[in-house]
2 protein chains.
Amino acid sequence: MARPLRHPTRDQMELPVVLDCLSDPIRLAIVYHLAQHERGGTELCCGDFNELSGKSNLAYHFAKLRDSGLMQTRIVGTNRLMKLRREDMDARFPGLIDAVIKSAARDAGRLQLLPECEIADAD
Amino acid sequence: MARPLRHPTRDQMELPVVLDCLSDPIRLAIVYHLAQHERGGTELCCGDFNELSGKSNLAYHFAKLRDSGLMQTRIVGTNRLMKLRREDMDARFPGLIDAVIKSAARDAGRLQLLPECEIADAD
DNA sequence: CCCTTTGTTCAATGTTTGTTGAACAATTGA
DNA sequence: TCAATTGTTCAACAAACATTGAACAAAGGG
């Protein structure tokens with residue numbers, strides 16, 4: 001479980017790739033919850049998203065999110081701790097993440113951001 | 001050439017659908033150019049985008065943009081005049097279009113927004 | 001009335017995508 | 001050392017997507 005885990009640099013991030021990442025409901029839900037935990041610097045691990053889909057499918061989406069530059073993963077023991085790359089995103093695509101997260105929050109009902117919300121207790 | 005041309009209402013617009021629309025390079029280029037011509041209320045017709053792809057492929061992308069709510073089309077003679085649904089988008093997803101357009105503008109080079117730019121003379 | 005212009009629709013194609021389960025890899029704890 | 005936990009990788013599959021050319025439809029100009 002110790003692979004390179006390559007993350008793109010800021011200027012390797014591409015707008016269409018990022019938008020495509022955010023356009024998938026599962027990935028949007030992941031990003032949304034990462035965003036809800038970024039104040040405080042909390043990192044989430046893969047298991048925190050198990051309500052969204054199966055493990056292998058989540059791994060697939062995590063990889064896309066990492067490749068796009070939206071999130072960063074670091075390995076701690078058998079866990080992957082993940083967080084939004086907020087500063088890089090804001091530098092590269094100013095206002096984008098904020099607009100997406102806010103719109104997602106307003107639509108939290110119709111976008112089923114979590115079937116059984118057990119993460120959103122951290123507030 | 002006189003079909004219903006259904007446009008979604010504001011609350012029929014879905015965030016993932018809009019983001020998916022914007023994630024395609026051709027559609028992003030279309031939206032970008034519509035945005036460049038919105039001040040002044042200029043409308044563009046299909047032919048203005050012929051450099052981007054073939055006609056039937058463009059018709060496909062136009063339909064997706066219409067269905068998502070990003071743009072409005074009205075029929076005038078044999079032409080389709082198109083414009084961004086800026087107010088509706090801003091009401092439904094505040095800040096999103098601005099952030100996307102600004103990022104696209106900054107990346108105008110790497111996103112090939114138009115092979116031969118003949119539209120961008122209108123300024 | 002015919003021909004041109006403008007743009008859509010349809011069918012066909014190849015590619016990409018999301019999803020699944022099974023197998024695998026690495027770390028932790030007993 | 002053995003088993004459990006955590007998560008990835010692989011192969012397989014169906015569904016969705018972008019692209020193309022040919023056929024079609026509507027309006028305008030001679």
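When reading the values below, keep in mind they use all heavy atoms of this one structure, side chains included, and skip hydrogens, waters and symmetry mates. Order of the sequence lines fixes the chain letters, A, B, ..., with proteins taken first and strands second; residue numbering starts at 1 for each chain.
- Residues satisfying the salt bridge (charged side-chain N to carboxylate O under 4.0 Å, His left out) test with B/D67, not counting sequence neighbours, are none.
- Tested against B/Q72 for a side chain to side chain contact (heavy atoms under 4.5 Å, CB included), the candidates B/M82, B/K83, B/E43 yield a single pass: B/K83.
- Summarising the geometry, the separation between CZ on A/R80 and P on C/dT28 is reported as 13 Å, rounded to the nearest angstrom.
- Rounded to an integer number of Å, the gap from CG of A/N79 to C1' of D/dT6 is 6 Å.
- Across C/dT8, D/dT8, C/dT5, the shortest atom-to-atom separation from the side chain of B/T78 is found for C/dT5.
- Contact of the B/L70 side chain with the B/R85 side chain is not registered, since no non-hydrogen atoms from C-beta on lie closer than 4.5 Å.
- Protein atom NZ of B/K55 is 6 Å distant from nucleotide atom P of C/dT6, rounded to whole Å.
- If you measure from atom CG of B/N50 to atom P of D/dT20, you get 13 Å, rounded to the nearest angstrom.
- The ring-ring contact (aromatic ring centres under 6.0 Å, His included) search around B/Y32 returns none, not counting sequence neighbours.
- The interatomic distance linking B/L81 (CG) with C/dT8 (P) rounds to 12 Å, in whole Å.
- Here the C1' atom of nucleotide D/dT6 and the CG atom of A/D48 are 12 Å apart, to the nearest Å.
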Practice item. Dump the intermediate steps for side-chain contact (heavy atoms from CB on, under 4.5 Å) on A/L19 and B/V100, then the final yes or no. Key: CA-CA 9 Å; A/L19 293 173; B/V100 170; 4.3 Å; yes
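- Annotation: salt bridge (charged side-chain N to carboxylate O under 4.0 Å, His left out) contacts of B/R66 (sequence neighbours excluded): none.
- Spacing between atom CG of B/L52 and atom C1' of C/dG7 amounts to 16 Å, rounded to whole angstrom units.
- Residues from residues 65-73 of chain B with heavy atoms under 4.0 angstrom of DNA chain C: there are none.
- Of all heavy-atom pairs between B/R39 and B/T42, the closest is O-OG1, 4.4 Å.
- Closest heavy-atom contact between A/A99 and B/G95: CB-C, 3.7 Å.
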Between the protein and nucleotides 18-22 of chain C, which nitrogen or oxygen pairs come in under 3.5 angstrom?
residue : atom : partner : partner atom : Å
C/dG18  : OP1  : A/R27   : NH1          : 3.3
C/dG18  : OP1  : A/R27   : NH2          : 2.9
C/dG18  : OP2  : A/R27   : NH1          : 3.4
C/dG18  : OP2  : A/Y60   : OH           : 2.3
C/dT19  : OP2  : A/N57   : OD1          : 3.2
C/dT19  : OP2  : A/H61   : NE2          : 2.8
C/dG21  : N7   : A/S56   : OG           : 3.4
C/dG21  : O6   : A/S56   : OG           : 3.2

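- Among residue pairs with one or both ends in residues 96-111 of chain B, those qualifying as salt bridge (charged side-chain N to carboxylate O under 4.0 Å, His left out) are A/E14-B/R110, A/R92-B/D107, B/R86-B/D98, B/D107-B/R110; sequence neighbours excluded.
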